[in-house]
Protein chains: 2
Amino acid sequence: MSIPKPGQPVRGSTTGAPIMALFDLLGRRWAMGIIWNLAAGPATFRALQSPTGRIQGKTISPSILNARLKDLQEAKLVVRTLDGYGLTPLGRQLFTLIEPLDPWSLEWGKAL
Amino acid sequence: MSIPKPGQPVRGSTTGAPIMALFDLLGRRWAMGIIWNLAAGPATFRALQSPTGRIQGKTISPSILNARLKDLQEAKLVVRTLDGYGLTPLGRQLFTLIEPLDPWSLEWGKAL
DNA sequence: CAGCGCGCTACCGATACAGTAGCATGCTAC
DNA sequence: GTAGCATGCTACTGTATCGGTAGCGCGCTG
């Protein structure tokens, strides 16, 4: 799958609205989970796969994990470092924006 | 596809962390786009499908739109009203949380 | 240099998604 | 009152994405 660039988004959208490109990227499986996990600090490929991460209760397939990491790197949200993968400054900014979803999700859970 | 209940999330996750259930729900195609669109006011099925919405640059398949609306209704984020579909109070809360992504996505777009 | 752990790729079956067609219902016009 | 017509949705058929397992290459260890 190609890169969801804000100017020329993929997967159907033709407007080019950056927010749609973002939804396109974050709408992929595990994308937000990976960002969430990396926000706690850099992690290795294996660590991201394991169920002991900050959220994941399940091992992610290596193939899909690799694909998502490539997506996120192309989006400049994640970088490879010596000790695995970590968030870029941009990625950390994004995390601060989605972080409030955590407390809200608790309320949401109660409401269901 | 079953409902992503916070207690018993679907699609692989086994932890039950509400945030993961939320990621699971929002990680589906068009889910955030629909919420975004409905935040501007109630819309009919046809209106949500059309490319003239607040973001969509492309018509969504009726089958997938229907599936997503069902998901969001089960999650109590969207309700059917007389004049189509609209956000629940919960849905509006969620929108206020994801709204900041819009200005950020502009910066992100420039950075790419 | 055999063994091991890690990072990843290749493959294949299972879902989810996209696109088109078409049906049911309600409204309008004649 | 029936012939259109638009709306809301379902059915069907491909295609893309995802999930799961196997296994390869590489560096390190003994």
Side-chain angles (χ1 to χ4, degrees), chain A residues 1-4 9-15 20-21 23-35 37-38 42-53 55-75 78-86, chain B residues 1-4 9-15 20-21 23-35 37-38 42-53 55-75 78-86:
Chain A
M1 191 76 232
S2 60
I3 328 145
V10 289
R11 295 205 340 201
S13 181
T14 56
T15 58
M20 268 322 261
F23 287 167
D24 189 7
L25 179 69
L26 296 183
R28 297 180 193 184
R29 201 89 199 278
W30 298 112
M32 288 202 251
I34 289 171
I35 292 172
N37 210 318
L38 289 179
T44 63
F45 192 93
R46 273 282 211 278
L48 284 170
Q49 251 195 299
S50 92
T52 56
I55 351 130
Q56 341 273 22
K58 176 125 197 285
T59 56
I60 313 175
S61 295
S63 47
I64 177 71
L65 175 57
N66 189 40
R68 239 12 33 92
L69 285 171
K70 280 201 170 76
D71 292 344
L72 293 171
Q73 282 176 82
E74 286 194 87
V78 164
V79 276
R80 276 217 69 172
T81 61
L82 293 172
D83 47 332
Y85 293 89
Chain B
M1 189 77 232
S2 60
I3 329 144
V10 287
R11 296 208 334 203
S13 179
T14 57
T15 57
M20 270 320 264
F23 286 167
D24 189 6
L25 180 69
L26 297 183
R28 298 178 192 184
R29 200 90 195 277
W30 300 112
M32 288 202 253
I34 289 170
I35 291 172
N37 209 318
L38 289 179
T44 63
F45 192 93
R46 274 283 212 275
L48 284 170
Q49 251 194 299
S50 93
T52 56
I55 350 131
Q56 342 272 22
K58 175 121 199 289
T59 56
I60 312 174
S61 296
S63 47
I64 177 69
L65 175 57
N66 189 39
R68 236 17 28 97
L69 286 171
K70 280 202 170 76
D71 292 344
L72 293 171
Q73 282 176 81
E74 286 195 87
V78 164
V79 275
R80 276 215 70 171
T81 61
L82 292 173
D83 46 332
Y85 293 89

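- Taking side-chain N and O atoms only, Y85(B) has no distance below 4.0 Å to OP1 or OP2 of dT7(D).
- Y85(B) has its side chain within reach of L69(B): a pair of non-hydrogen atoms, C-beta onward, lies under 4.5 Å apart.
- Between R46(A) and dG7(C), a side-chain N or O to OP1/OP2 separation shorter than 4.0 Å is absent.
- Look at CG on N66(B): it is 13 Å from P on dC17(C), rounded to the nearest Å.
- M32(A) has its side chain within reach of L26(B): a pair of non-hydrogen atoms, C-beta onward, lies under 4.5 Å apart.
- Looking at the side chain of P62(A), the nearest of the listed nucleotides dT21(D), dC17(C), dA21(C) is dT21(D).
- In this structure, L82(B) places its CG atom 18 Å from P of dT7(D), rounding to the nearest Å.
- I64(B) places its CD1 atom 18 Å from the P atom of dC12(D), with the value rounded to the nearest Å.
- The side chain of S63(A) sits closest to dG20(D) out of dC17(C), dC9(D), dG20(D).
- One atom, CZ of R28(A), and another, P of dA16(D), lie 14 Å apart when rounded to the nearest Å.
- Using a 4.5 Å heavy-atom cutoff, the side chains of F45(A) and L65(A) are in contact.
- Summarising the geometry, the separation between CG on L65(A) and C1' on dC18(D) is reported as 13 Å, rounded to the nearest angstrom.
- Taking atom CZ of R80(B) as the reference point, atom C1' of dC9(D) lies 9 Å away to the nearest angstrom.
- Atom P of nucleotide dG8(D) and atom CD of Q49(B) are separated by 9 Å, given to the nearest angstrom.
- For the pair F23(B) CZ and dC18(D) P, the interatomic distance rounds to 17 Å; values are reported in whole Å.
- Side-chain proximity of F45(A) to the nucleotides dC8(C), dC12(D), dT9(C) is greatest for dC8(C).
- D83(B) places none of its side-chain heavy atoms less than 4.5 Å from the side chain of T44(B).
- Distances shorter than 4.0 Å separate some side-chain N or O of K70(A) from OP1 or OP2 on dT9(C).
- Proximity of D71(A) to V78(A): side-chain heavy atoms (C-beta onward) are nowhere separated by under 4.5 Å.
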